[in-house]
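Whatever order the structure lists them in is the order used to number ligands and atoms, beginning at 1.
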Amino acid sequence: MNWPYPRYIAHRGGGRLAPENTLAALRAGHRRGYRMVEFDVMLSRDEVPMLMHDETLERTSSGHGLVCEQDAAALAGLDAGAWFGTEFAGEPVPRLDQAAALCRWLGLAANVEIKPAQGFEALTGRIVAAQAAQLWAGAELPPLLSSFSIVALWEARAVAPQLPRALLFDEVPADWRGLQERMGAVALNCSARHLRADTLATARAAGIPVACWTVNDVALAGQLFAAGVSALFTDALDVFDPAADRRDA
Ligand code: G3P
Ligand code: MG
């Protein structure tokens, strides 16, 4: 299976240890020994890729309303840490270029999940992929691009065909193989909860690595690895010890 990335991926940067999709989260993942992080990227109104999961600001920041209706400078001025804990107060909403610089500095591999707001699928795919190609130019390991939006992934492929893409599903559809071939996707990222044995068998037979989210249980992780899953995304950064993992060390 061609999976050049680590087996353990810190979900949303720092899982449960830090406010999601912040630079503090990336640092937290790195501190815990993770060598790869996943984070979500959405466009601001002025088309700047920012780390953000929800289309609305309320859950993870001091802002209100839609992310796509605020310029990057306004988003950067919000507090994306206080909701999680006072020690993170003042943590800004980072731009993708800041996250990329930190990942490269810390030696963290990245899964950039393209998370378009509704109606911005093509634009987000294009801008995020083009910027990612520049930001990781010359990197030993390119960022893995993924998205629930097939439209965004097609656009990513059009502007940065050299960057690896993963299909991303909650429930994997029956026709995923055809899509994977047409898209030239190198991996299948899917929910551990819905992963079917026949899907994994098909992927394995075709040499396509499968990465599962979100796995927070050691026993489940062991079962998935034993079954042939290549990597997992976790929020339980303190439960796993990737630095001690023979394959991740
Ligand atoms: O990319 C894997 C996982 O992050 C997908 O779900 O909602 O946490 O972005 P979500
Ligand atoms: Mg995500």
Near [X] [atom1], under 6.0 Å, is it more than 12 heavy atoms from other residues, nucleotides or ligands?
X	atom1	value
Q118	CD	no
E140	CD	no
R104	CZ	yes

Test: R7 cationic atom under 6.0 Å from F225 six-membered ring centre, within 45° of axis:
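Checked: cation-pi criterion met.
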
Out of E113, E38, H53, which one pairs with R12 under the side chain to side chain donor-acceptor pair (under 3.5 Å) rule?
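Of E113, E38, H53, side chain to side chain donor-acceptor pair (under 3.5 Å) with R12 is met by H53 alone.
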
Under 3.5 Å, is there a donor-acceptor pair linking the side chains of S44 and D71?
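Side-chain D/A pair, S44 to D71: absent.
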
Residue pairs fulfilling salt bridge (charged side-chain N to carboxylate O under 4.0 Å, His left out) with at least one residue in residues 208-237, sequence neighbours excluded
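Listed by first then second residue: nothing to list.
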
Which residue pairs satisfy the salt bridge (charged side-chain N to carboxylate O under 4.0 Å, His left out) criterion with at least one member in residues 53-67, sequence neighbours excluded?
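Sorted pair list: E20-R59, D54-R59.
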
Residue and atom names of protein N/O/S atoms that fall under 2.8 Å from the Mg ion (ligand 2):
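Atoms qualifying: E38 OE2, D40 OD1, E113 OE1.
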
If you define the side chain from C-beta out and look only at heavy atoms, does anything of S147 sit under 4.5 Å from P116?
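SC-SC contact between S147 and P116 confirmed.
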
Show the protein residues that qualify under the rule heavy atom under 4.0 Å from an atom of ligand 1, listing them in chain and number order.
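Lining ligand 1 at under 4.0 Å, by heavy atoms, one finds H11, R12, E38, D40, H53, E113, K115, F148, L168, W213.
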
